[in-house]
Amino acid sequence: MPGISKTILVTGATGGIGLAVCSRLAKAGNSLVLAARDSSKLQTLRAQLSNTCPGTHSWISVDMTRDDSVTEFAEKLTASTVILDGVVLMPPQDPPTNDPLPSSDKWREIFQNSFVGPLSLLKAAIATMQPDPAKGRRSKIVIISGISSAQVMGHYASSNVLRCAWLAEAKTLAFALGERGIHVNTLSLGGTLTPGYAASLEQRAATAGTTVAQRLAEETSNVPLRKYGTPDEVAVAVEGLLSAFSDHMTGINVLHDGGFIRAY
Ligand SMILES: NC(=O)c1ccc[n+]([C@@H]2O[C@H](COP(=O)([O-])OP(=O)(O)OC[C@H]3O[C@@H](n4cnc5c(N)ncnc54)[C@H](OP(=O)(O)O)[C@@H]3O)[C@@H](O)[C@H]2O)c1
């Protein structure tokens with residue numbers, strides 16, 4: 001988006017992927033509204049961005065899994081009178097599980113945390129958008145669908161289901177909001193070497209008694225590009241989906257997985 005400053009809400013702003021996304025979007029001149037639970041991390045990030053990048057940056061803490069917290073977030077967002085041009089939504093997700101039939105209570109919890117809560121936040125964000133396609137003003141939503149793979153994986157049992165829920169919701173929203181100039185696309189990530197994922201890779205290498213390089217080569221042997229993605233690469237893709245690149249694209253799912261998915 002060179003030369004055009006936009007205001008973008010980034011959830012999960014302080015995480016491995018969020019930090020790279022915020023850094024890239026802020027360096028490009030955008031103003032950011034940062035969201036996550038930990039206020040002190042948000043405050044630190046806002047200060048860093050304000051010291052090093054143009055744009056006006058703010059933060060609102062929120063626990064996306066809790067209705068009361070999302071309601072408070074929505075009130076603060078409305079009170080701030082910010083007009084959002086974009087949203088990068090990263091729904092929280094439970095740790096991987098290989099249980100395809102969790103209890104009904106567990107399913108309710110999973111859906112609340114990873115779908116209902118984040119969707120309610122997205123609704124509040126959409127309410128602030130004022131697109132005007134006739135004047136070239138489009139609003140863009142990028143949902144990082146929160147799931148590691150676009151194909152069924154046994155150890156991501158509930159994630160497989162949630163991912164489809166997000167793809168279906170994005171498609172439905174794209175259909176409903178397209179006329180207003182609001183675009184909704186999802187970005188499905190394969191393994192991405194955030195600090196957290198790199199630490200788990202190191203742990204797996206130690207458990208297997210191999211080097212990290214060996215373990216990485218083994219784990220990515222079924223990825224055509226023979227590597228995991230990086231947070232910076234995700235940030236480039238997010239920036240693209242928020243930019244004019246997607247002016248005639250909505251309701252699509254972009255796979256950012258090194259070619260891991262076999263379907264076409
Ligand atoms: N890394 C990968 O390989 C990979 C692959 C596929 C998909 N993904 C998805 O990409 C997204 C970001 O991943 P990441 O690796 O950057 O994760 P991360 O480093 O754990 O960061 C998570 C971010 O979300 C915030 N967050 C967590 N729970 C929250 C909640 N209940 N309400 C509001 N904010 C919350 C965290 O801040 P607070 O703790 O302060 O709230 C943090 O900013 C996630 O949806 C993840 O599932 C990652």
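By convention here, the first residue in the shown sequence is residue 1. Order of listing sets the numbers, starting from 1, for every ligand and every atom in it.
- Applying the 4.0 Å criterion to heavy atoms of Ala13 picks out, from ligand 1, the atoms 43 (O).
- Less than 4.0 angstrom separates some heavy atom of Val62 from each of these atoms of ligand 1: 32 (N), 33 (C).
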Inset, instruction - Carefully, step by step, assess Leu189 and Asp257 under the rule side chain to side chain contact (heavy atoms under 4.5 Å, CB included). - result: CA-CA 6 Å; Leu189 307 182; Asp257 67 353; over 6 Å; no

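- Across Thr14, Leu42, Leu162, heavy-atom proximity to atom 37 (O) of ligand 1 is greatest for Thr14.
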Inset, instruction - Kindly indicate, with the supporting measurements, whether the criterion salt bridge (charged side-chain N to carboxylate O under 4.0 Å, His left out) is fulfilled by Glu219 and Arg226. - result: CA-CA 9 Å; Glu219 289 190 11; Arg226 296 292 188 273; over 6 Å; no

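- Ligand 1 has no N or O atom lying under 3.5 Å from any N or O atom of Tyr197, backbone or side chain.
- Nearest heavy atoms, Gly16 versus Pro195: CA-CD, 4.1 Å.
- Listed by number with element, the atoms of ligand 1 under 4.0 angstrom from any heavy atom of Pro91 are 45 (O).
- Among Asp38, Ile17, Thr194, the residue whose heavy atom lies closest to atom 4 (C) of ligand 1 is Ile17.
- Contact record, Thr186 with Trp166: CG2-O, 4.2 Å, taken as the closest heavy-atom pair.
- Within ligand 1, the atoms closer than 4.0 Å to a non-hydrogen atom of Gly191 are 3 (O), numbered from 1 in the order shown.
- If you look at Pro92 next to ligand 1, the close heavy atoms, those under 4.0 Å, all belong to the side chain.
- Close contacts between ligand 1 and Met90 involve ligand atoms 11 (C), 12 (C) [criterion: under 4.0 Å to a heavy atom].
- The minimum heavy-atom distance between Leu34 and Leu49, with the atom names listed, is CD2-CD1, 4.0 Å.
- Under the 4.0 angstrom criterion for non-hydrogen atoms, Gly190 is in contact with ligand 1.
- Of the candidates Gln93, Arg37, Arg163, His256, Gln93 brings a heavy atom nearest to atom 46 (C) of ligand 1.
- Salt bridge annotation for Arg137-Asp85: present, with a cationic side-chain nitrogen under 4.0 angstrom from a carboxylate oxygen.
- Across Ser159, Gly12, Gly16, heavy-atom proximity to atom 18 (P) of ligand 1 is greatest for Gly16.
- Ile182 and Leu167 sit in two unconnected hydrophobic clusters of ILVMFWY residues. Membership requires side-chain heavy atoms under 4.5 Å apart, directly or through other members.
- For Lys27, the NZ atom sits in a loose shell: 12 or fewer heavy atoms of surrounding residues, nucleotides or ligands are nearer than 6.0 Å.
- Note on ligand 1: Thr65 sits in its first shell, one or more heavy atoms being nearer than 4.0 Å.
- At a threshold of 4.5 Å between side-chain heavy atoms, the hydrophobic network of Ile, Leu, Val, Met, Phe, Trp and Tyr places Leu187 and Tyr197 in two separate groups.
- Relative orientation of the Phe115 and Phe111 rings is perpendicular, given thresholds of 30° and 60° on the angle between their planes.
- Comparing Leu19, Asp63, Leu45 by heavy-atom distance to atom 31 (N) of ligand 1, the nearest is Asp63.
- Of the N or O atoms in Met64, one or more lie within a sub-3.5 Å distance of an N or O in ligand 1.
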